[in-house]
Structure formats: structure tokens, C-alpha cells
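Here the structure is laid out as C-alpha cells; the discussion comes afterwards.
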Protein chains: 2
Amino acid sequence: MARKTKEDAERTYHALLDAAAELFIRQGVSRTTLSDIAHEAGLTRGAVYWHFRNKDSVIEALWARNARRLQEAFEQLETHARAADPVPAFRQAIHALIRRVVEEPELGQITRIVMHVVEFTDEQNALQRFLNDRRDILHDHMRAAFEILGQRGVLRNDLSPSLLAEGLLAYIYGLVHSDFSPGEPVIDLARNGRALIDLYLDSIFSGPGACVC
Amino acid sequence: MARKTKEDAERTYHALLDAAAELFIRQGVSRTTLSDIAHEAGLTRGAVYWHFRNKDSVIEALWARNARRLQEAFEQLETHARAADPVPAFRQAIHALIRRVVEEPELGQITRIVMHVVEFTDEQNALQRFLNDRRDILHDHMRAAFEILGQRGVLRNDLSPSLLAEGLLAYIYGLVHSDFSPGEPVIDLARNGRALIDLYLDSIFSGPGACVC
DNA sequence: TGATACATACATACATGAATGTATGTAAAG
DNA sequence: CTTTACATACATTCATGTATGTATGTATCA
């Protein structure tokens, strides 16, 4: 075919990423071939190899494009922990973070892919290292926010802030994983996410009015 | 080679499963070939195809062999929920369940495989249906236990027992997933699991002495 | 302003390796 | 003597990477 204008090329780049995301979720990463991706986008493998080096590079590009707003949400956690009234501010930030993952399709796509269809093994390849590094960055932001909360004295002090942070991250991971698992959802995070998260948050905040029980 | 006695054959069956589990964790399911499994066990693909139909059937057999004690642990939850003093009994049962997953190598293996190296997609194949069915059975036991706890009035009643059950399952899933994720562990479940789980349990039990805050 | 040269954005064709499933061989157990 | 428990050999499929073809956009220069 003929060469396209720069804007056309960028459109095919995004079309390929969209096709890849849909196929990864539908039939898995390992079962999705680069030819599948090209055909889903109405193109051929030539287009894929022009824009990406291989399948892993497609996933990395998907993260870079789709997970921006997730990174922003995690970065803002520290700001909210420094707010005048940190407990409700941080609580709000966590609720907003989960709402974003559940409601924004781009975020949902990359989250489902990373959670369900990428294999994490002991012998880590380049893609796994890439994704682990990104996850570590998010975790660092959460831990930093909890350190601030701890210094401001709003956390229970029988457990370390970093442990409380990792506990919350694990809980969020499990909830989102459950919400995104294929088949009929057992947890409707859009409806019950706030209450379930508050179960945890209520139990880690100390001080007046922190616990509802 | 020569034919073996029945006990020998059963030993190779388990040797193949052990080899498969180790390789799946080390390099992932999709990157592990049946030839890899055979060679890791000092055999050839002929042995694998004699004992199993294909790779999926190996994973199913791994679940059947390794996850027995996990199923037993979930089945006993309802018994503990019916105990004379249900709150500490159930709490103990959950702690024991997590300890089993973390400490028993067989359980840890199949858990890591199902969590990290099996792709769960929208278009479910036979293996995914098999694993989803087993997971549903475990979840049903947890929900049944929570229904009992709810009827006995020890749960907070602003949230349904089944929602509290799914929340706990998600939390456990996230904690175990974090503990088993490759690389340096961020949460040492063997050490901190009890305290982290109590964060959740304390917030769902109502009545005298249920909450520590 | 129009012709030319080069780079871009793919499509097509090819070579290769690798994993799978099956078919067959075989030696010992029962 | 038959079946078991594998090993070996074979055929096929299939995804990947690369090499090449090609038509057009775009910059350059006269």
C-alpha cells in the first residue's frame, strides 16, 4: 500500500494497540499472534513490525499509553497524605484511584492484561522486569504516602506504615483482580468498592472518629 | 527402555508432575514445553504423553494432587463457623489456612502456578473452566461459612455476609499473590500474615471484644 | 514552482525453528 | 502371550524474524 501521513501512522499505531489489548484479554497473550493483532486492526504483520519490535514491546507500549493516569493517581497519594485533614483526604484518594481503574476503559484494559494474561516467573525476562519496575514505582508512592500518614500520627502504631501500605495494596489488588476476572463478577467494585475499602481503612486509622465500629 | 513395575510407573508420574511444577514456576507455562518437562524428570516426551493428554491435563493433575489439603482447609471453615465460640475459632481457621498455603510446598506450588502463570481470558478453554470451577467451590465454602457467622449474629450487619466473604477472599488472594510474586518479597506472610488478616477480621466482627480499636 | 531524491509506512514473501500429536518400536511385567 | 510403560521416529502446523518490494509523503534545490 501507499505511505500515509504522520497522523495516519499515529492512528494505525493506536489501532494496533487497541487491537492487541482486546485480543490479549479475549484469548490471552501467549495465544495471540502478531498476525492476529494485525488482522484485528485490518493490517498485516508488516505494520506491527514497523511500530514494535515484538510482542513484549507491544505490551510495554500499552502500559506506557494506558497506565499514565494510574501513575498520576498514585503520585497524588502523597499530596493527599499531606492535606490539612489527611484521613478523609487520603480515603477519598484511594476511592478515586479504584474508581478510575474500574471505570476508565484504558486503565481497565492494561490492568486486566497485567493481572491475568502475563506470566510472572522466577526467571524474569525483559518484559517482566519492565512491569515489575513499574509496579515497584506505584508501591513506592503508596509506601511514601503511608510514611507521611505515620509521621502525622493518624495511623495505628502497632504495625509499621510500610506493612500497612503493602496490606492495602494487596487488598486493592485482590479486589480489582476479582472484579476483572472473567465470567460473572462476584464483586461489583463500582457499587461495593467503597464499603470494602473502608473496612480496611477504618482499621488502620487511629485517633478520634477514625474507626466506625 | 524397559517396562517398570506399577510402583515405578507411579513414581515417574509424580516425578513428571514435580518437574512440571518447578518448570512452570521457573519459566512459565507457555514457555515450558512437554519436552522440557520430560527432560527435567530424566525422561522423554513418550512418558509425558503416556501419563497425560497434553499440557493442560498436566496442570489439572497438578491441582488434583497438590490442592487437596487446600480444599480440606476451606471445607473446614463451615465447621469452625459453627463452633461454640465462632469468632476465635473462625479466626484461627483462617490463620491456619494461610499458614498452610505459605508453608506447605505442594500448596505453594499450585498456588503460584494458578496465580502467576496461567492465563485467564474471556474466551475460556477447558483448563480455565476447570480451574474456575475449583475456585468457585472454595469460594462457596467461604460464603457458606460467612452465612453461618451472619446467622449467629457475630458479623456487622451493614454489609451482606457474602460480600464480606468475597472481600476476605480478595484480601487473602492479594496477600498470597504478593508473597509469592517473584523477586524479593515485600510482605513476609509467615511473619506478618496473622496481623494483616486480623486487620480485616477485626473490622467485620461485631459484638463484645470483636474489635480491637 | 516543478522535478528529483530520500525517507516513511506499510505489504508481501521467505526461511527457520520449534512444539505438537501421532505412529511405531520394544523390553519387561503380569 | 498380552499388556504396560515408556522411547524413538515422523509429519505437520505455526509463529517468528527478516528481507524485500512499493507507493507515497516530504524536503531540497534549481
Side-chain angles (χ1 to χ4, degrees), chain A residues 1-20 22-24 26-62 65 113 117-119 121 123 125-128, chain B residues 1-20 22-24 26-62 65 117-119 121 123 125-127:
Chain A
M1 274 282 187
R3 191 197 159 191
K4 316 287 187 60
T5 176
K6 272 209 167 192
E7 293 82 37
D8 282 339
E10 205 178 330
R11 244 169 274 159
T12 69
Y13 172 84
H14 289 293
L16 286 172
L17 283 186
D18 291 337
E22 195 179 327
L23 287 174
F24 288 161
R26 194 195 305 164
Q27 58 188 23
V29 170
S30 69
R31 290 169 117 65
T32 297
T33 162
L34 297 183
S35 177
D36 290 343
I37 296 174
H39 279 84
E40 175 82 11
L43 300 161
T44 69
R45 267 174 52 242
V48 178
Y49 275 102
W50 175 256
H51 288 282
F52 312 96
R53 274 168 307 153
N54 49 33
K55 205 196 284 181
D56 286 359
S57 136
V58 174
I59 300 179
E60 290 186 14
L62 253 180
R65 189 191 71 165
I113 291 168
V117 295
V118 171
E119 298 183 352
T121 60
E123 289 177 359
N125 58 27
L127 174 65
Q128 291 180 48
Chain B
M1 276 282 187
R3 191 197 161 192
K4 316 288 188 58
T5 174
K6 269 211 169 196
E7 294 82 35
D8 281 340
E10 204 178 332
R11 243 169 275 159
T12 69
Y13 172 85
H14 289 292
L16 286 173
L17 283 187
D18 291 337
E22 195 179 326
L23 286 174
F24 287 161
R26 195 194 304 164
Q27 57 188 23
V29 170
S30 70
R31 289 169 119 63
T32 297
T33 161
L34 297 183
S35 177
D36 289 344
I37 297 174
H39 279 84
E40 175 81 12
L43 299 161
T44 70
R45 268 175 49 243
V48 177
Y49 275 101
W50 174 257
H51 287 283
F52 311 95
R53 273 167 308 152
N54 49 33
K55 205 197 283 181
D56 286 358
S57 136
V58 174
I59 300 179
E60 291 186 14
L62 252 180
R65 190 191 71 165
V117 296
V118 172
E119 299 184 352
T121 61
E123 289 176 359
N125 57 29
L127 174 64

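Throughout, a chain's letter reflects where its sequence line sits, starting with A, and its residues are numbered from 1. Keep in mind that this is a model prediction, so the values were computed, not measured. Because only heavy atoms are used, hydrogens play no part in the values below, and waters and symmetry mates are left out as well, while side chains stay in.
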Check: Atom CD1 of B:Ile37 to atom C1' of D:dC6: distance rounded to whole Å?
Finding: 16 Å
Next item on the list: In whole angstrom, give the distance that lies between atom CG of A:Asp8 and atom P of C:dC10.
Entry: 8 Å
Note to self: Below the 4.0 Å mark, does C:dC10 have OP1 or OP2 next to a side-chain nitrogen or oxygen of A:His51?
What the structure shows: yes
Item checked: Salt bridge present between A:Asp36 and A:Lys55 (N-O < 4.0 angstrom) -> no
Notebook entry, point to check: Side-chain N or O of A:Trp50 less than 4.0 angstrom from OP1 or OP2 on C:dC10?
Noted result: no
Next item on the list: Quickly work out the B:Lys6 NZ to D:dT3 P distance and round it to whole Å.
Entry: 14 Å
Margin query: Can a side-chain donor-acceptor contact be found between A:Thr121 and A:Glu123 if the only test is distance below 3.5 angstrom?
Written below: no
Next item on the list: Ignoring hydrogens and angles, state whether a donor on the side chain of B:His14 or B:Arg65 is under 3.5 Å from an acceptor on the partner side chain.
Entry: yes
Next item on the list: Whole angstrom is fine here: how far is it from CG in A:Asp56 over to C1' in D:dA15?
Entry: 14 Å
Check: salt bridge (Lys or Arg N to Asp or Glu O under 4.0 Å) with B:Glu22: which residues, sequence neighbours excluded?
Finding: B:Arg26
Next item on the list: Rounded to the nearest angstrom, tell me the gap between atom CZ in A:Arg11 and atom C1' in C:dA9.
Entry: 14 Å
Next item on the list: Scan nucleotides 14-21 of chain C nucleotide by nucleotide, 5' to 3', and note B when protein non-hydrogen atoms come under 4.0 Å of the base, S if they reach only the sugar-phosphate, - if neither.
Entry: -----SBB
Check: After noting the C-alpha distance and the side-chain angles of B:Phe24 and B:Ile59, does the key distance pass the side chain to side chain contact (heavy atoms under 4.5 Å, CB included) rule?
Finding: CA-CA 9 Å; B:Phe24 287 161; B:Ile59 300 179; 3.7 Å; yes
Next item on the list: Let me know the distance between CG of B:Leu43 and P of D:dT8, rounded to the nearest Å.
Entry: 11 Å
Next item on the list: Could you check how far NE2 of A:His39 sits from C1' of D:dA15, rounded to whole Å?
Entry: 13 Å
Notebook entry, point to check: Going by distance alone, is a donor N or O of one side chain under 3.5 Å from an acceptor N or O of the other, for B:Gln27 and B:Thr32?
Noted result: yes
